Amino acid sequence: MARTVWDSSVGKKTVMAVSGLIMLLYLVAHMIGNLKIYFGAGEFNHYAHWLRTVGEPFMHYEWTLWLVRVVLVVAVVAHATSAYQLSRRDIRARPSKYVHKKRGASYATRTMRWGGIILGLFIVWHLLDLTTGTVHPGGFQEGHPYQNVVDTFSTWYGNVVYIVAMLALGLHIRHGFWSAAQTLGAGSRSRDRALKTIANVLALLLTAGFIAVPVGVMTGVVS
Amino acid sequence: MKLTLRVWRQKNADADGAMSTYEVDGISADMSFLEMLDTLNEELILSGDDPVAFDHDCREGICGACSLVINGDAHGPERTTTCQLHMRSFRDGDTIDIEPWRAAAFPVVKDLVVDRSAFDRIIQAGGYVTAPTGAAPEAHATPVPKPDADFAFEHAECIGCGACVAACPNGAAMLFTSAKVNHLNVLPQGAPERETRVLDMVARMDDEGFGGCTLTGECATACPKGIPLFSITSMNKEWLRATRRSGKR
């Protein structure tokens, strides 16, 4: 059955839809967690530490965190691999362009591929910046995420990269969530308005919620 | 009406093609688009040139033979087939670009004619029902609920012209395949092959080199018969159901 799924274009789209929804669920939790930065360094750092002790004593220290990380890596790899393979198929299937060009589908739809690449690159930078601290501006302090976040968003490029990526994320979710519903067979004429509304609300809330952090640092509310 | 036509000319499948410009005069607004091309071809023949090759058959909008991407739109600016498109949709002095369907799975045969036999092979893979031959069965023997009959009919309207593939930026045949799958899968007559039909037709569609669906919706916008985009959603649902079931066997 796994073979049937991976060998079919419809199956690969299913992989994309499921992995995308897993990442979307994570992003909702991530965004809510980020907003705790507005409650001050104490609560934010305490929350960050709690992420390592979730599930104790059943789970050992950091086990839950690593479980989430493994699931996310699998989701990202599955999403990107199927996107790459499907895109290659799509480009091969339309080798000659029309002489008479026509404006295409919506902006969100047309930017799915480039948007996805931007988000992929962003994730690499984001991890090197705030998880490993490799490219972190100023001294990276393990266990002091509040100060690290403030450091990152005190640089102009940190703000630009982050905000551009979050706008790309919003567009990606706007078309992606609705498309995932169609791929999984959940869409219909009667449900379409609701699905599109949910997609737009999710896109808007996540983009606004994530961007609220750099805006907080820039305006000095978070310092 | 006087028009400037820019038409894709290509001698054969292997030759390189290019847009050629022609002037046509005396076009009536009541002519169909194909009659306008007939006028051009008469002039070309009289002057000793090779007429423009294009597909056409019933000229009633029901056979699916005519094609043409007109000013970037499959079947032109109106939501109908090219044969049912009339010159009143254009204005005197217009320049009209006429191109063939573009897709790897639809190679150009000559000028505006493409080979759409990939569609026939998708149909062969599962677009049929198993039925005893002989006298027609009694009409009331197999009851079909009204909503199912409507759903089947909506999808049965597909004439297999290929406008969906031509309009799709990925050259995908999802709307065609889904129309055929949904038409038969919802009916009791199609039930025995419900799982194999969708699996085999989708596999054939992939093998023919069509692209995948990115839900741009271009296909449903271009479809002269109004097959809805949700047709693809329904096929995806059928495909997932069939995959789960075949996994259990």
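Quick caveat, the model's predicted, so the values are computed rather than measured. Just so we're on the same page: letters track the sequence lines, and every chain starts at 1.
Note on Asp73(B), Thr221(B), Leu229(B): by heavy-atom pairs under 4.5 Å with chain A, the leading option is Asp73(B). Most heavy-atom pairs under 4.5 Å with chain A, from the set Gly212(B), Gly171(B), Pro169(B): that is Gly212(B). Chain A forms more heavy-atom pairs under 4.5 Å with one residue of Asn71(B), Asp207(B), Val202(B), Ile232(B) than with any other, namely Asn71(B). Most heavy-atom pairs under 4.5 Å with chain B: of the set Gly187(A), Ser87(A), Ser188(A), Ser106(A), this distinction falls to Ser188(A).
By the 6.0 Å contact criterion, CZ on Phe153(B) is open, its count of non-hydrogen atoms from other residues, nucleotides or ligands being 12 or less. For Lys102(A), the NZ atom counts as densely surrounded, since its 6.0 Å shell holds more than 12 non-hydrogen atoms of other residues, nucleotides or ligands. Surrounding CZ of Arg88(A) are at most 12 heavy atoms belonging to other residues, nucleotides or ligands under 6.0 Å away. The number of heavy-atom neighbours closer than 6.0 Å to OH of Tyr61(A), taken from other residues, nucleotides and ligands shown, is above 12. Atom CH2 of Trp63(A) is surrounded by 12 or fewer heavy atoms from other residues, nucleotides or ligands within 6.0 Å. At most 12 non-hydrogen atoms from other residues, nucleotides or ligands lie less than 6.0 angstrom from NZ of Lys146(B).
Nearest heavy atom pair, residue Leu240(B) against residue Thr183(A), reads CD1-O, 3.8 Å. Taking all atoms of both residues into account, the shortest heavy-atom contact from Gly211(B) to Ala93(A) is N-CB, 3.2 Å. Annotation for Thr214(B) and Arg113(A): closest pair CG2-NH2, 4.1 Å, computed over non-hydrogen atoms. Contact record, Thr109(A) with Leu215(B): CG2-O, 4.3 Å, taken as the closest heavy-atom pair.
Taking 4.5 Å as the heavy-atom cut-off, the residues of residues 92-107 of chain B that approach chain A are Asp97(B), Glu99(B), Pro100(B), Trp101(B), Arg102(B), Ala103(B), Ala104(B), ordered by number. Of residues 7-23 of chain A, those residues lying under 4.5 Å from chain B by any heavy-atom pair are Asp7(A), Ser8(A), Ser9(A), Val10(A), Gly11(A), Lys13(A), Thr14(A).
Panel note: side chain Arg110(A), backbone Thr216(B); no donor-acceptor pair is recorded below 3.5 Å. Of the possible donor and acceptor atoms, one in the side chain of Asn236(B) sits under 3.5 Å from a partner among the backbone N and O of Gln182(A). Panel note: side chain Tyr98(A), backbone Ala167(B); no donor-acceptor pair is recorded below 3.5 Å.
Taking CH2 of Trp8(B) as the start and OG of Ser96(A) as the end, the distance is 7.0 Å to the nearest 0.5 Å.
Residue Ala2(A) does not touch chain B at all, counting heavy-atom pairs closer than 4.5 Å. Heavy atoms closer than 4.5 Å to chain B are found nowhere in Arg3(A), neither backbone nor side chain. In this structure, no portion of Ile70(B) lies under 4.5 Å from any heavy atom of chain A. Residue contact with chain B, scored on non-hydrogen atoms closer than 4.5 Å, involves the backbone and the side chain of Arg189(A) alike.
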side-chain contact (heavy atoms from CB on, under 4.5 Å) between Val5(A) and Trp239(B), intermediate numbers included: CA-CA 10 Å; Val5(A) 171; Trp239(B) 189 92; 4.2 Å; yes
Val99(A)/Arg6(B) under side-chain contact (heavy atoms from CB on, under 4.5 Å): CA gap, chis, key distance, verdict: CA-CA 10 Å; Val99(A) 174; Arg6(B) 300 203 304 151; 4.2 Å; yes
